[in-house]
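Proteins get letters first, then strands, A, B, ... in listed order; numbering begins at 1 in each.
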There are 2 protein chains.
Amino acid sequence: MNVRDMLLHGAISLTPSEERIVQVLLTDYPAAGLGTATSLAKRAGVSDPTVVRLAMKLGFEGFPALQRRLLADVEARLHSPLLMMEAKRPDMGTHSEQGAAIAYMHSVASNLNKALTSTPLASYQRAARLVMDTKGKVVLLGGRYSRFIAGMLAAYLLQFRPDIMHIDALSAQKTDVLVDLGKRDLLIVFDYRRYQLDVVAFAQLAAARRVRILLFTDPWLSPIAEFSELTLTCPIEVNSPYDTMASSVAQIEAVIAQILASMEKRTRERIEELEEIRLQASASLDNARLLEEEKPALASMTTK
Amino acid sequence: MNVRDMLLHGAISLTPSEERIVQVLLTDYPAAGLGTATSLAKRAGVSDPTVVRLAMKLGFEGFPALQRRLLADVEARLHSPLLMMEAKRPDMGTHSEQGAAIAYMHSVASNLNKALTSTPLASYQRAARLVMDTKGKVVLLGGRYSRFIAGMLAAYLLQFRPDIMHIDALSAQKTDVLVDLGKRDLLIVFDYRRYQLDVVAFAQLAAARRVRILLFTDPWLSPIAEFSELTLTCPIEVNSPYDTMASSVAQIEAVIAQILASMEKRTRERIEELEEIRLQASASLDNARLLEEEKPALASMTTK
DNA sequence: GAAATTTTGTAATATTCTCTTCAGCAATGT
DNA sequence: ACATTGCTGAAGAGAATATTACAAAATTTC
């Protein structure tokens with residue numbers, strides 16, 4: 001069993017700072033673990049003893065032992081047949097003008113795969129718990145683009161619990177919501193690179209008021225990571241001047257899935273039924289068309 | 001220039017024992033160099049000072065410096081997209097309550113792959129042309145969830161052309177925009193299943209006014225497909241009571257990529273520069289950490 | 001074949017890294 | 001509110017590692 005799997009599916013329960021280490025390690029696997037223990041600790045924003053303790057928790061004699069294992073992994077992977085193929089990979093550099101969209105989709109796919117392998121299950125579980133265990137309000141905030149993701153998550157969460165509040169565009173007035181927030185509340189903030197000053201500032205103010213913070217960011221970490229309780233990272237780089245948001249969307253959906261899974265069976269069933277009903281209600285609209293003819297579809301549409 | 005090439009094509013003359021080291025290093029590259037200097041020396045049958053001297057001869061400050069370079073090489077090779085795919089998938093099927101989030105991510109990944117292979121390039125090209133060739137206004141509309149995707153696309157398009165208008169929540173008032181629309185205008189509508197009556201109705205009214213329609217929907221086709229000029233479908237089913245929007249997001253991003261590719265070179269470059277500048281502005285925040293040491297990162301984060 | 005030069009290893013030193021101890025802190029239960 | 005438990009980081013001891021200094025081989029040169 002290689003180290004990556006130990007981290008992803010390991011049966012050991014991790015403390016928050018240990019989790020941060022794991023996240024760093026997975027995001028930049030295995031290079032992040034091949035330096036010194038102290039460098040890894042700094043990157044994760046924890047102290048070196050914590051790194052050492054994690055190594056031991058994983059069953060190693062100490063950090064160097066873990067490192068040796070990591071090295072073995074590298075070796076194995078570098079000699080894998082896949083890497084041989086890699087050598088003759090077509091140069092992605094040429095946008096080729098023609099298949100730009102297709103090339104882009106491929107690039108997103110590999111991005112998603114990266115996301116898949118770089119976030120441990122525990123992070124999702126923690127996020128789910130954080131959201132559902134919060135007694136007070138849950139406030140959502142995002143940047144220029146990511147505010148749409150915040151909106152999506154808000155729309156989902158509305159169905160699971162009350163007191164959801166999405167701050168769409170950050171204005172001076174909106175900052176006022178802060179006065180009502182305290183340590184029983186949760187701020188879910190999305191901040192991918194080109195970290196927006198106003199968003200960071202808002203989060204900082206919230207942190208000062210002891211509001212708990214759940215941060216979604218990229219592997220380079222928004223400054224907000226400094227004072228967030230839990231940080232979920234997600235790769236965003238693709239061959240385009242813009243970054244992709246597809247993986248981020250998948251990620252919040254995954255959190256939703258995790259919330260659903262951890263719910264009481266009855267509660268979950270009620271929600272599933274609810275969706276089922278909504279689906280049927282709309283399906284009746286155009287089912288006929290799909291199964292039979294086109295005419296009924298138009299008919300049903302003109303009826304209301 | 002990576003270390004391997006330095007060793008292979010280096011212009012420096014090597015002493016016999018140095019050559020032995022190089023040989024070992026190349027035989028097991030780069031793993032052999034990632035341990036301690038002493039371990040490498042032993043494998044080559046020489047003493048450790050010889051190893052250190054070689055490192056310096058190659059232009060490094062010392063052995064650790066060479067090691068850092070070696071690590072960078074590994075990272076570059078390991079981060080190639082293809083290799084990310086290799087990270088094997090755990091057994092699906094077992095929803096297991098535990099790994100709900102992970103299972104979900106896998107399911108999204110395969111969904112995306114499906115999207116990848118089921119939409120021809122021509123569709124993206126036509127969508128791109130449709131958007132950019134429209135002389136009049138471009139109005140965007142979505143449903144309960146998909147309106148966020150509409151919002152994203154609107155945010156992107158704003159940078160490419162004027163007269164972009166996102167109808168966020170559909171109200172009676174908003175329907176009024178219809179009176180200003182005609183056959184020179186374009187309606188981009190997102191309508192995934194649980195096709196919303198109001199959205200369909202709006203599209204229908206637009207169609208009646210001869211507004212051109214670009215529809216994003218799922219493979220079961222929204223009724224709007226009946227009167228849209230171009231329909232892009234995208235699979236949305238995953239193992240969850242909800243549908244995924246990740247692929248849809250990827251899809252609109254792909255359209256953006258296609259638009260960028262089909263633009264005049266100069267125009268595109270200007271936009272890319274713009275993004276580049278935005279990126280650097282924020283990157284300067286924490287770049288130091290990634291390229292050099294850990295210290296500056298923490299410093300920069302606390303500094304503002 | 002001896003001196004000069006280069007190469008190499010041993011030993012001592014300097015540096016860096018790991019890991020233990022301990023005390024502070026927050027969360028949780030009584 | 002108080003005690004308990006577990007998590008965390010600061011500090012420093014101790015170990016491992018890299019590097020320097022120097023002397024012994026080996027090689028070359030005359």
S.K.: How sharply is the helix from C:dG1-D:dC30 to C:dT30-D:dA1 bent, taking the axes over five pairs at either end and rounding to 10 degrees?
M.R.: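 About 20°, once rounded to a multiple of 10°.
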
S.K.: Taking only residues two or more places apart in sequence, or in another chain, which ones meet A:R126 in a salt bridge (charged side-chain N to carboxylate O under 4.0 Å, His left out)?
M.R.: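 Here the qualifying residues are A:E19.
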
S.K.: Report yes if a side-chain nitrogen or oxygen of A:T50 is closer than 4.0 Å to either non-bridging phosphate oxygen (OP1 or OP2) of D:dG9; otherwise report no.
M.R.: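 Checking A:T50 against D:dG9: at least one side-chain N or O falls below 4.0 Å of OP1 or OP2.
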
S.K.: Between P on D:dA18 and NZ on B:K42, what's the gap in Å once rounded to a whole number?
M.R.: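 It is 12 Å, rounded to the nearest whole Å.
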
S.K.: For a quick check, with a 4.0 angstrom heavy-atom cut-off, what is the B/S/- contact string for nucleotides 10-30 of chain C, read 5' to 3'?
M.R.: B------SBBB----------

S.K.: Does A:V46 reach a base, just sugar-phosphate, or nothing at all? Heavy atoms under 4.0 Å.
M.R.: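 The residue A:V46 makes sugar-phosphate contact but no base contact.
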
S.K.: Should A:R193 and A:D243 count as an ion pair when the cut-off is N to O under 4.0 Å?
M.R.: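 Looking at A:R193 and A:D243, the cut-off is met.
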
S.K.: Would you call A:R4 and A:D73 a salt bridge, taking side-chain N to carboxylate O under 4.0 Å as the test?
M.R.: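 No.
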
S.K.: Between atom CG in B:L66 and atom P in D:dA18, what is the gap in whole Å?
M.R.: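 Computing the B:L66:CG to D:dA18:P distance gives 11 Å.
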
S.K.: Between B:E18 and B:K57, is there a side-chain N and carboxylate O pair less than 4.0 Å apart?
M.R.: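 So B:E18 pairs with B:K57 through a salt bridge.
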
S.K.: Given salt bridge (charged side-chain N to carboxylate O under 4.0 Å, His left out), test A:E61 with A:R69 step by step and report yes or no.
M.R.: CA-CA 11 Å; A:E61 280 239 339; A:R69 178 68 145 279; over 6 Å; no

S.K.: Compute the ring centroids of B:Y145 and A:Y156, then answer whether they are less than 6.0 Å apart.
M.R.: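 Under 6.0 Å, so yes.
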
S.K.: Nearest heavy-atom pair of A:Y195 and A:D218: which atoms, and what distance?
M.R.: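 In terms of heavy atoms, the two residues are closest at OH-OD1, 2.8 Å.
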
S.K.: Round to the nearest Å and state the distance from A:L40 atom CG to D:dG9 atom P.
M.R.: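 It works out to 13 Å between those atoms.
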
S.K.: For atom CZ of A:R210, decide whether the heavy atoms of other residues, nucleotides or ligands shown that lie under 6.0 angstrom number more than 12.
M.R.: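 12 or below, so no.
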
